[in-house]
Amino acid sequence: MEEAEVIIDKVREYIAKCPFLKEYAELNVEYLIDKVVTYSINENAGYNPVMNKFLYGSENQFLFTFDSKLHWNEDIQNNIDNSKFFTNFKNWLEKNNKNKIFPNIKGIYEIGATTNGYIFATNANEAIYRIQCYLYYSKI
């Protein structure tokens with residue numbers, strides 16, 4: 001497997017343990033199935049994975065989004081709950097980061113979110129919500 005494939009698989013395993021994901025909901029890679037309450041982890045395009053090079057290694061990043069397809073409508077409470085899910089997800093990442101609970105990736109030293117959850121796309125009764133995330137790791 002290529003390095004990015006290994007990383008995205010480990011990130012998927014890690015995020016699958018998040019207590020805020022709906023039980024039995026599907027967690028995919030690079031794909032949201034056509035039903036509500038599904039999740040996907042997607043590697044960002046067009047970024048340089050190497051942040052800094054050193055004589056004996058490098059600092060690297062893996063940039064990804066965590067997407068979810070959820071019910072979306074005029075029900076204010078439903079939309080607040082959707083927003084709350086992403087707030088809880090971001091707080092879970094921050095707490096794990098603080099406690100050094102990381103995906104099983106050699107050299108990892110930080111994982112987190114760079115945005116709050118936001119609506120990425122909608123149709124009549126569902127929306128794709130997205131949160132931008134990052135993972136930093138050292139390579140020797």
Exercise. Val29 and Asp9: side chain to side chain contact (heavy atoms under 4.5 Å, CB included), yes or no, with the steps?
Worked result: CA-CA 8 Å; Val29 171; Asp9 187 42; 5.9 Å; no
For this session: Check whether more than 12 heavy atoms from other residues, nucleotides or ligands sit under 6.0 Å from atom CG of Asn52, and answer yes or no.
Result: yes
Exercise. Do you know the tightest heavy-atom contact between Ile108 and Pro103?
Worked result: CD1-CD, 3.4 Å
Problem set entry | Nearest heavy atoms of Lys35 and Thr38, plus distance in Å | O-OG1, 3.4 Å
Problem set entry | Interatomic spacing from CG in Leu21 to NZ in Lys17 - rounded to 0.5 Å | 13.0 Å
Exercise. Quick one: salt bridge (Lys or Arg N to Asp or Glu O under 4.0 Å) partners of Lys139, sequence neighbours excluded?
Worked result: Glu3
Exercise. Does a sphere of radius 6.0 Å around CD1 in Ile80 hold more than 12 heavy atoms from other residues, nucleotides or ligands, not counting ones at 6.0 Å or beyond?
Worked result: yes
For this session: Please collect all side-chain hydrogen bond (donor to acceptor under 3.5 Å, both in side chains) contacts where either partner lies in residues 91-105, sequence neighbours excluded, each pair once.
Result: Tyr14-Asn96
Problem set entry | Sequence neighbours excluded - ring-ring contact (aromatic ring centres under 6.0 Å, His included) pairs with any residue from residues 58-80 | Tyr39-Phe66, Phe62-Phe64, Phe66-Phe89
Exercise. Applying the 4.5 Å side-chain criterion to the ILVMFWY set and letting contacts propagate, would Phe20 and Val36 be lumped into a single cluster?
Worked result: yes
Exercise. Under the side-chain hydrogen bond (donor to acceptor under 3.5 Å, both in side chains) test, which residues partner Lys90, sequence neighbours left out?
Worked result: Asn116
For this session: Report the residues that fulfil side-chain hydrogen bond (donor to acceptor under 3.5 Å, both in side chains) with Tyr31, sequence neighbours left out, ordered by chain and then residue number.
Result: none
For this session: List in chain and number order the residues that pass side-chain hydrogen bond (donor to acceptor under 3.5 Å, both in side chains) with Gln77, two or more places apart in sequence or in another chain; answer none if no residue qualifies.
Result: Asp81
Exercise. Which residue pairs pass the salt bridge (Lys or Arg N to Asp or Glu O under 4.0 Å) test when at least one of the two sits in residues 105-126, sequence neighbours left out?
Worked result: Lys69-Glu126
For this session: Indicate the atoms forming the closest heavy-atom contact of Gly112 with Leu93, along with that distance.
Result: C-CD1, 3.9 Å
Exercise. Is the count of non-hydrogen atoms from other residues, nucleotides or ligands lying under 6.0 Å from Phe54 atom CZ greater than 12?
Worked result: yes
Problem set entry | Closest heavy-atom pair and its distance - Met51, Tyr109 | CE-OH, 3.7 Å
Problem set entry | Joint hydrophobic cluster, Ile131 plus Val37, side-chain heavy atoms closer than 4.5 Å | yes
Exercise. With the 4.5 Å side-chain cut-off for hydrophobic clustering, are Ile7 and Ile101 part of the same group?
Worked result: yes
Exercise. Which pairs pass salt bridge (Lys or Arg N to Asp or Glu O under 4.0 Å) with one or both residues in residues 52-68, sequence neighbours excluded?
Worked result: Asp67-Arg130
Exercise. Atom CG of Asn73 and atom OG1 of Thr122: how far apart are they, to the nearest 0.5 Å?
Worked result: 12.0 Å
For this session: Could you pull out all residues at least two apart from Ser58 that satisfy side-chain hydrogen bond (donor to acceptor under 3.5 Å, both in side chains)?
Result: Asn60
For this session: Give me the one residue out of Asn42, Thr115, Thr114 that meets side-chain contact (heavy atoms from CB on, under 4.5 Å) with Thr65.
Result: Asn42
For this session: List in chain and number order the residues that pass side-chain contact (heavy atoms from CB on, under 4.5 Å) with Ser83, two or more places apart in sequence or in another chain; answer none if no residue qualifies.
Result: none
Seminar exercise, completed: Note: Glu43 and Glu30 closest approach over all heavy atoms is N-OE2, 2.8 Å
Exercise. Got a sec, which residues hit ring pair (Phe, Tyr, Trp, His ring centres under 6.0 Å) with Tyr136, two or more places apart in sequence or on another chain?
Worked result: Tyr134
Problem set entry | CG on Leu32 to OG on Ser68, rounded to 0.5 Å | 7.0 Å
Problem set entry | Residues, nucleotides or ligands: over 12 heavy atoms within 6.0 Å of Tyr47 OH | yes
